[in-house]
Asker: 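Provided herewith is a single structure, encoded as structure tokens, for subsequent inquiry.
Just so it is clear, the values below take in all heavy atoms, side chains as well, and ignore hydrogens, waters and symmetry mates.
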Amino acid sequence: MSTTEALIPAPMYRQREFHGFESAGTQFVYLVPSGSIFSIDKIGLEILDRVKEVSPTKEELVGFLIERGYAPAEIEASLMELEFSEVIQRGDVIPVQPKLPEKNFPLQRVVLNITNQCNLACTYCYEYSEDKISKTDGKPKYMSPSVAESSIDMLIKESGDRPSIHVTFFGGETLLNFPTLRTSVDYAKRKCAEAGKTVEFSLTTNATMLTEEIVDFIAEHKIGVTVSIDGDRELNDKMRVFSDGRGSYDVIVPRIQMLLHRHKTNSIGARVTLSSGNSHVRRIYEHLTQEVGFYAVGFSPATANPKRLYSIGEMKMGSILEGFEDLAWEYRDWAIAGRQHGFTNVNDTLKELNSGMSKAYPCGAGLGLLGVGTAGDISLCHRFVDSDVGKMGHVDKGGVDHAARDQFLGTHHIGARYDCHTCWARPVCAGGCYHEAFVHYGDTSAATLHYCDWIRGWNDLCLRIYGEISQKNPSFLDRFGDN
């Protein structure tokens with residue numbers, strides 16, 4: 001050995017970034033930022049504890065483990081596995097952030113806000129409440145078939161080599177403009193066939209305008225449906241009312257049950273908006289599944305400035321997490337028994353965890369998804385349609401503004417959200433919803449810090465459920481593989 005080599009200090013082991021958790025008596029690590037999940041045996045735990053305590057060299061660590069009674073071959077195998085899995089490494093740890101998307105990232109979905117009108121006056125609605133950011137004065141109330149067709153042409157053009165694309169119909173109340181929805185479906189199928197692509201459809205509705213004719217069309221064209229409903233009559237009618245104050249429950253439930261009876265070709269789910277006056281998770285879930293007949297129910301807190309009466313405060317969010325945890329453990333029990341539970345919040349998170357996803361962005365907005373308003377203005381997503389924020393072109397005036405899109409993606413990447421850099425949950429959260437951030441902080445690039453503790457608690461819960469399912473019925477997780 002040369003004098004120079006002798007002076008070079010041996011590299012010390014250091015922990016990589018991970019979140020440790022226990023599930024059903026087994027220790028796991030969730031690796032950040034790769035999103036991978038590994039179980040850890042006894043020697044692995046001793047290695048992690050020792051590395052965290054003193055940052056040893058390999059020679060020091062091996063000596064320590066031999067004193068603890070481990071054989072050299074066992075030690076070497078464990079160290080190789082932990083290094084290969086990037087749980088530990090020798091030398092300084094350099095943080096790795098997800099990569100920026102490629103230029104002109106192919107579009108996959110367009111959300112057509114085919115009307116900016118609604119026949120309900122829901123108190124918390126982000127489109128019509130005090131937190132409204134869209135400016136519809138001077139804009140058509142209903143999207144014309146020609147604008148819808150131009151939007152579909154744009155989607156096909158911008159989708160690149162993607163073999164399949166998706167069109168979502170939205171509002172206002174979507175079905176107020178059913179004629180444009182109908183012609184758009186036919187047009188999209190014909191144009192995609194010409195382009196050698198397939199197309200799928202979905203829509204969101206408050207269910208007030210469902211008829212047998214509309215439902216049969218939806219079923220014929222295999223359109224997925226999300227129905228907005230907030231629970232039983234008492235809970236739903238606190239917020240989801242007509243302009244004269246009448247509740248909507250008695251109007252929509254017979255129509256929803258007709259929809260569930262006649263439409264069997266695609267998924268139908270309920271979307272519940274939780275607010276300060278409605279946070280009864282278990283009660284809502286059981287009513288919508290057992291009495292109304294939904295197979296899948298998802299929950300989302302109302303997007304609101306914290307000054308609003310319906311805004312969910314920190315204490316209420318804590319009680320909501322308790323309600324989520326109650327249903328989540330029930331999901332676990334069903335999964336271990338090989339049954340599919342309808343609580344979609346757990347299902348969606350487990351799907352992301354199983355994929356090893358490490359997101360650079362919280363959602364597809366501005367990336368694989370864009371929204372289009374009634375006049376043809378292209379926006380970041382459907383929540384920003386017709387607002388001054390997130391403008392990204394016009395379907396008939398040059399199409400997608402790629403410079404604006406690239407600029408947005410460059411400034412909203414998780415690497416630019418500095419508040420998130422030390423958070424272990426960032427592979428799934430990636431900073432949170434842009435619209436939520438804008439309403440709460442006036443800045444789409446702000447991390448949704450008011451939800452951070454909640455998000456970490458939720459992801460830790462889902463990791464523990466994932467760990468237990470992986471041990472007791474691992475074949476259940478196969479359903480997430482190709483979706």
Asker: Between K52 and D49, is the closest basic N to carboxylate O distance under 4.0 Å?
Answerer: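 No, no charged N to carboxylate O under 4.0 Å.
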Asker: For the residue pair Q471 and T26, confirm or rule out a side-chain donor-acceptor distance under 3.5 Å.
Answerer: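 T26 and Q471 do have a side-chain donor-acceptor pair below 3.5 Å.
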Asker: Check whether the side chains of E83 and Y13 place a donor and an acceptor atom closer than 3.5 Å, and report yes or no.
Answerer: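 Y13 and E83 do have a side-chain donor-acceptor pair below 3.5 Å.
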Asker: Between K135 and D388, is there a salt bridge with N-O shorter than 4.0 Å?
Answerer: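 Yes, this pair counts.
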Asker: Kindly indicate whether the side chain of T226, heavy atoms from C-beta on, has any atom under 4.5 Å from the side chain of L203.
Answerer: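 They are not in contact (no side-chain heavy atoms under 4.5 Å apart), so the answer is no.
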Asker: Indicate yes or no: at least one non-hydrogen side-chain atom of F324 is less than 4.5 angstrom from one of V281.
Answerer: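 Contact flag for F324/V281 side chains = yes.
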Asker: Which atom pair, heavy atoms only, marks the closest approach of I268 to H263?
Answerer: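 For I268 and H263, the tightest heavy-atom pair comes out as CD1-O, 3.6 Å.
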Asker: Can you see whether N206 engages N119 through a side-chain donor-acceptor pair at a distance of less than 3.5 angstrom?
Answerer: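 Result is yes, a qualifying pair exists.
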Asker: Taking only residues two or more places apart in sequence, or in another chain, which ones meet H19 in a ring-ring contact (aromatic ring centres under 6.0 Å, His included)?
Answerer: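 W424.
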Asker: Assess the pair Y434 and F408: is the distance between their ring centroids shorter than 6.0 Å?
Answerer: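 Ring centres of F408 and Y434 closer than 6.0 Å.
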Asker: With heavy-atom distances below 4.5 Å as the criterion, would you say the side chains of N266 and V225 are in contact?
Answerer: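 A side-chain contact is absent here, since even the closest heavy-atom pair is not under 4.5 Å.
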Asker: Checking Y466 now: which residues fulfil ring-ring contact (aromatic ring centres under 6.0 Å, His included) with it, not counting sequence neighbours?
Answerer: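 Once residues adjacent in sequence are excluded, Y466 has no partner under the ring-ring contact (aromatic ring centres under 6.0 Å, His included) criterion.
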Asker: Under a 3.5 Å threshold, yes or no: a donor from one side chain and an acceptor from the other, between E173 and T205?
Answerer: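 Short answer, yes.
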Asker: Does the side chain of K197 come under 3.5 Å of the side chain of S159 through a donor N or O and an acceptor N or O?
Answerer: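 Judged by distance alone, the side chains do pair up.
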Asker: Indicate yes or no for a side-chain donor-acceptor contact from S23 to the backbone of R464 under 3.5 Å, with no hydrogens or angles considered.
Answerer: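 Such a contact is found between S23 side chain and R464 backbone.
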Asker: Looking only at atom types and distance, does a side-chain atom of S355 sit under 3.5 Å from a main-chain N or O of E352, one as donor and one as acceptor?
Answerer: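 Looks like yes, one N/O pair under 3.5 Å.
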Asker: Mark yes or no for whether Q15, through its side chain, and L48, through its backbone, hold a donor-acceptor pair below 3.5 Å.
Answerer: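 Yes, Q15 side chain to L48 backbone: donor-acceptor pair under 3.5 Å.
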Asker: May I ask you to establish whether R479 and F476 are in a cation-pi arrangement, using a distance under 6.0 Å from NZ or CZ to the six-membered ring centre and at most 45° from the ring axis?
Answerer: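 Pair R479/F476 counts as cation-pi.
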Asker: Is the closest basic N to carboxylate O distance between R282 and E330 below 4.0 Å?
Answerer: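 Here R282 pairs with E330 in a salt bridge, since their nearest N and O are under 4.0 Å apart.
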Asker: Report the residues that fulfil side-chain hydrogen bond (donor to acceptor under 3.5 Å, both in side chains) with T444, sequence neighbours left out, ordered by chain and then residue number.
Answerer: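 Scan of T444 (side-chain hydrogen bond (donor to acceptor under 3.5 Å, both in side chains), adjacent residues dropped) gives H412.
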Asker: Give a yes or no on whether a salt bridge exists between D232 and R283, defined as a side-chain N under 4.0 angstrom from a carboxylate O.
Answerer: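 Salt bridge between D232 and R283, a charged N being under 4.0 Å from a carboxylate O: yes.
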Asker: Do E17 and R426 sit within salt-bridge range, that is, some charged N less than 4.0 Å from a carboxylate O?
Answerer: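 A salt bridge links E17 with R426.
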Asker: For F201 and F169, take the angle between the two ring planes, folded into 0 to 90°, and tell me which bin it lands in: parallel under 30, tilted 30 to 60, perpendicular over 60.
Answerer: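 The rings of F201 and F169 lie parallel, inter-plane angle below 30°.
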Asker: Classify the ring geometry of F170 against H382: parallel below 30°, tilted from 30° to 60°, perpendicular beyond 60°.
Answerer: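 Perpendicular.
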Asker: Report yes or no: do R240 and Y124 form a side-chain donor-acceptor pair below 3.5 Å?
Answerer: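 A donor-acceptor contact under 3.5 Å links the two side chains.
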Asker: Aromatic rings W458 and W454: how do their planes relate, parallel, tilted or perpendicular, breaks at 30° and 60°?
Answerer: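 If you compare the ring of W458 with that of W454, the planes turn out parallel.
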Asker: Under the side-chain hydrogen bond (donor to acceptor under 3.5 Å, both in side chains) test, which residues partner Q407, sequence neighbours left out?
Answerer: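 In terms of side-chain hydrogen bond (donor to acceptor under 3.5 Å, both in side chains), with neighbours along the sequence ignored, Q407 is linked to no residue.
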Asker: Would you say the ring centroid of H413 lies under 6.0 angstrom from that of Y361?
Answerer: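 Yes, the ring of H413 comes within the 6.0 Å limit of the ring of Y361, centre to centre.
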Asker: Is a side-chain donor-acceptor pair under 3.5 Å present for R109 with T168?
Answerer: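 Present: a donor and an acceptor within the cut-off.
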Asker: Taking the ring of F438 and the ring of H435, is the distance between their centroids below 6.0 Å?
Answerer: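 No.
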Asker: Donor-acceptor pair, distance only, cut-off 3.5 Å: does the side chain of T174 make one with the backbone of T204?
Answerer: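 Yes, the answer is positive, given that a donor and an acceptor are paired below the 3.5 Å cut-off.
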Asker: Tell me every residue that passes ring-ring contact (aromatic ring centres under 6.0 Å, His included) with F294, counting only those two or more places apart in sequence or in another chain.
Answerer: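 For F294 there are no ring-ring contact (aromatic ring centres under 6.0 Å, His included) partners, ignoring immediate neighbours.
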Asker: Is the closest side-chain donor-acceptor distance between T273 and S300 under 3.5 Å?
Answerer: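 Not at all, the side chains of T273 and S300 share no donor-acceptor pair under 3.5 Å.
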Asker: Does a donor on one side chain sit under 3.5 Å from an acceptor on the other, for N113 and T115?
Answerer: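 T115 and N113 do not have a side-chain donor-acceptor pair below 3.5 Å.
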Asker: Could you list the residues that satisfy ring-ring contact (aromatic ring centres under 6.0 Å, His included) with Y441, not counting sequence neighbours?
Answerer: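 Y441 satisfies ring-ring contact (aromatic ring centres under 6.0 Å, His included) with H450 once adjacent residues are dropped.
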Asker: Does any donor atom in the side chain of N177 or Q117 lie under 3.5 Å from an acceptor atom in the other side chain?
Answerer: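 Checked: N177/Q117 side chains show no N/O donor-acceptor pair below 3.5 Å.
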Asker: Does the distance from a Lys or Arg side-chain N to an Asp or Glu carboxylate O, for D333 and R339, drop under 4.0 Å?
Answerer: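 Result for this pair is no, no salt bridge flagged.
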Asker: Check the side chains of T349 and N459 for a donor-acceptor pair under 3.5 angstrom, ignoring hydrogens and angles.
Answerer: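 There is no such pair between these side chains.
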Asker: Does this structure show an ion pair linking R14 with D92, if we count only N-O contacts that are shorter than 4.0 Å?
Answerer: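 Salt bridge: yes.
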Asker: Side chains of D153 and S150: any donor to acceptor distance under 3.5 Å?
Answerer: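 Side chains of S150 and D153: no pair found under 3.5 Å.
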